[in-house]
Amino acid sequence: MLKFYNTLSGQLEDFRPLREGEVGIYSCGPTVWSFAQIGNFRSFIFADILRRYLEFKGFRVTHVMNITDVEDRIIARSQENGITIDEYTAQYIEALWEDFDALGCARPHVVPRATRHIPEMVNIIEQLIERSHAYKSDGSVYYRIGSFPLYGKLSKINLAGNVAGASERIDTDRYEKEDVRDFALWKAAGSPEEIAWDTSLGRGRPGWHIECSAMSMKYLGETFDIHAGGIDLVFPHHENEIAQSEGATGKPFVRYWLHAEHLKVDGETMSKSKGNYYTYRDLTALGFSPVAIRYFLLSVPYRKQLNFTLEALGGVEKTVENLQDFHARLIETRTEPGTNSILNKAVKRALEEFELGLDDDLNTSVALAAIHTLSREVNTALDNCQLREDDKREVLALIERFDSVLNIFGRVEPPMLDEEVQRLIDDRQEARRRRDWSRADAIRNDLSHRGILLEDTRDGVRWKRR
RNA sequence: GGCGGCGUAGCCAAGUGGUAAGGCAGAGGUCUGCAAAACCUUUAUUCGUCAGUUCGAUUCUGACCGCCGCCUCCA
């Protein structure tokens, strides 16, 4: 039975979707003011695993992820550059998809942008005003927190306890609010040149939280199954989404709230000022492969803080290479017809453990351990020539199933060898037959310098690019 | 001040009231002409510290030390 830890209840719960066999997921996407950093990608990869595992379990999934393309930083930077916000965000949206694809994330089925859903937001705000959950003030519209008694049910925020100590962050809204806790649904335009939309609410732009209420309900319905995002979004973002959505519809908004913990770097918070801030692009520039980055980010259950170090990523690079070598070796191996019952059992057990792990609130560590165990067992069988045709087919099919969720093996495409290299390999084989070891080693060395590694196996020469 | 997460071998870490998954790195070995790959063995008498509960705690409780979040727009 698939179980998720639901932030709302604070407990592990059996997952049962609203409609048999179907699941709607809304995951909070990026604010496209810059290149996404690896912490963002941990969240995105988590959402990707969530979606893929639900599909693995046979659900028909609709995955919606928003793109926040209007926000203070975006407005400020586009103005500095003298371009529109669409022009400004276009470059980062394009980069986002490049990174997304490279990291092996399936693109969400629907990717709504805030700026394309202003009428939907205005519509909800009007409903909120009608129901006295919101009020106008100086051209802006605020949510009246006092009107929603359940406010705080997600984040368990204790408003009384927050008055005293509080954080140093201060409220920056300039307008009159009935209560300091009230938050903006609609911000009146300050000056004529400011980015704004003319609507029935007046000229202005939406507050941050309203876009997710509007877009999730538009594509998934007023009540839907899963809402996912980073843990920092629990308060105020998701708390406010609940207040807005349930205030407007009078119906429960989301059934399961799933939140991914943060990534640390060298044991510290990642921040630009600390100099430990990495985008995906920073890591590939250092020579790390996308699949290793993906593996690292998914290797620990999503609710655990994960400590990123370059040393650890270097280790994962090797792990991933070993898995891919294993996969390639399996594909290349020649087998005799038949079945080996030992392998048959190994395959069965691997699948069981994989599923047991992921059923338990997506414990990817356990799932990966099952894969490594299988890899070792199959390698042993290969060493001992015990792998038969049926086993090979079964194991390859299983790897494909595993990869439909984790996407860490990837496709094995035989890279083209150029003729000269092939001739050198042939020459070396000829030299080896003559037992001319110095000649054979010289060729191997030469190829190694060109980044081509040779392995002499029972079935002939294997080679790979480094 | 309120709410939450964490501290497990050199590194990344899973985990459970019954005596420590997995990966990387290290050491030794098998295989190999030598390598590589693979496999085998090995690497925490112990899970931040100190108490308590228990037949038994890394796992529960309390205190302490250290680290990381959230408390109005940051995944």
Side-chain angles (χ1 to χ4, degrees), chain A residues 7 10 27-31 36-44 46-47 68 71-73 152 155-173 180-184 207-209 228-237 239-240 259-264 267-271 295-296 299-301 303-320 322-323 325-326 329 353 357 363-373 375-376 378-380 382-384 432 435-438 440-441 444-445 448 453-457 462-464:
Chain A
T7 308
S27 61
C28 277
T31 299
Q37 36 86 348
I38 53 172
N40 297 116
F41 282 112
R42 184 186 190 196
S43 285
F44 302 158
F46 150 61
T68 300
E71 178 257 2
D72 288 353
R73 288 168 299 190
S155 58
K156 279 71 178 170
I157 197 160
N158 172 348
L159 292 162
N162 272 290
V163 181
S167 71
E168 308 89 59
R169 286 167 130 184
I170 47 156
D171 188 81
T172 52
D173 283 327
V180 285
R181 292 144 30 195
D182 291 349
F183 59 92
W208 174 37
H209 318 295
I231 193 160
D232 55 329
L233 297 177
V234 174
F235 189 88
H237 186 53
E239 195 68 61
N240 290 352
H259 291 100
E261 255 295 353
H262 274 186
L263 192 70
K264 295 188 285 186
E268 297 193 305
T269 318
M270 176 163 50
S271 75
Y295 185 108
F296 179 82
S299 65
V300 172
R303 285 201 303 123
K304 293 257 182 180
Q305 289 182 355
L306 168 59
N307 189 28
F308 174 83
T309 65
L310 291 176
E311 187 187 357
L313 185 56
V316 166
E317 202 70 64
K318 181 67 182 156
T319 305
V320 163
N322 289 347
L323 284 177
D325 278 353
F326 159 62
R329 184 186 183 197
E353 280 171 21
N363 190 328
T364 42
S365 295
V366 169
L368 287 170
I371 292 177
H372 285 115
T373 302
S375 150
R376 182 165 31 75
V378 174
N379 269 323
T380 299
L382 285 167
D383 282 354
N384 301 332
R432 290 182 71 216
R435 307 183 73 78
D436 181 356
W437 308 126
S438 64
D441 291 351
R444 186 169 63 195
N445 252 320
S448 165
L453 303 180
L454 300 186
E455 294 171 15
D456 300 324
T457 76
R462 276 198 68 204
W463 63 274
K464 65 178 177 182

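Residue numbers start from 1 in every chain, and the chains themselves are labelled A, B, ... in the order their sequence lines are given, proteins ahead of strands. The figures here come from the full heavy-atom set of this structure, side chains too, leaving out hydrogens, waters and symmetry mates.
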Student: Both A:F44 and A:G267 contact RNA chain B. Which one's nearest nucleotide lies toward the 5' end?
Tutor: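 Looking at the nearest nucleotide for each, A:G267 comes out on the 5' side.
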Student: Using Watson-Crick or G-U wobble geometry with both distances under 3.5 Å, which nucleotide pairs with B:A14?
Tutor: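 In the structure as shown, B:A14 has no Watson-Crick or wobble partner.
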Student: What is the distance, rounded to the nearest whole Å, between atom CG of A:N307 and atom P of B:A14?
Tutor: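 My rounded result for the distance is 11 Å.
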Student: Show each protein N/O and nucleotides 32-36 of chain B N/O combination with a separation under 3.5 Å, one pair to a line.
Tutor:
from	atom 1	to	atom 2	distance (Å)
B:G33	O6	A:R432	NE	3.4
B:G33	N1	A:D441	OD1	2.9
B:G33	N2	A:D441	OD1	3.3
B:G33	N2	A:D441	OD2	2.5
B:C34	O2	A:R444	NH2	2.5
B:C34	N3	A:R444	NH1	2.9
B:C34	N3	A:R444	NH2	3.2
B:C34	N4	A:D456	OD2	3.2
B:A35	N6	A:D456	O	3.1
B:A35	N1	A:D456	N	3.0
B:A35	N3	A:R444	NH1	3.0

Student: Closest-nucleotide mapping onto RNA chain B: is A:A312 or A:Q37 further toward the 5' terminus? I mean the 5' end.
Tutor: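 On the 5' side of the pair lies A:A312.
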Student: For atom C1', what is the distance between B:C6 and B:G15, given to the nearest Å?
Tutor: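 Straight-line distance between the two C1' atoms is 15 Å.
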Student: If we take the P atom in both B:A38 and B:A44, what is their distance in whole Å?
Tutor: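 The same atom, P, in both gives a distance of 24 Å.
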Student: Considering Watson-Crick and G-U wobble pairs with both distances under 3.5 Å, what does B:U32 pair with?
Tutor: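 The answer is none; no pair meets the criterion.
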Student: Looking at every strand, decide which applies to A:P301 at a 4.0 Å heavy-atom threshold: base, sugar-phosphate, or nothing.
Tutor: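 The answer is sugar-phosphate, as A:P301 gets under 4.0 Å only of primed atoms, P, OP1 or OP2.
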Student: How many angstroms lie between CZ in A:F308 and CE in A:M270, if you round to the nearest 0.5 Å?
Tutor: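 With rounding to 0.5 Å, CZ (A:F308) is 8.5 Å from CE (A:M270).
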Student: How would nucleotides 38-44 of chain B be written as a contact map, 5' to 3', with B for base contact, S for sugar-phosphate-only contact and - for no contact, using protein heavy atoms under 4.0 Å?
Tutor: BSS----
Student: With sugar-phosphate meaning primed atoms plus P, OP1 and OP2, does A:N363 contact a base, only sugar-phosphate, or nothing at under 4.0 Å between heavy atoms?
Tutor: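 Sugar-phosphate contact only - A:N363 comes under 4.0 Å of backbone atoms but never of a base.
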Student: When you look at A:Q37 and A:L263, which way does the side chain to side chain contact (heavy atoms under 4.5 Å, CB included) test go after all the steps?
Tutor: CA-CA 10 Å; A:Q37 36 86 348; A:L263 192 70; 5.8 Å; no
Student: Would you kindly check whether a donor in the side chain of A:Q305 faces an acceptor in the base of B:C68, or vice versa, at under 3.5 angstrom?
Tutor: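 Yes, a donor-acceptor pair under 3.5 Å.
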Student: Cut-off 3.5 Å, side chains only: do A:E71 and A:T31 have a donor facing an acceptor?
Tutor: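 Judged by distance alone, the side chains do not pair up.
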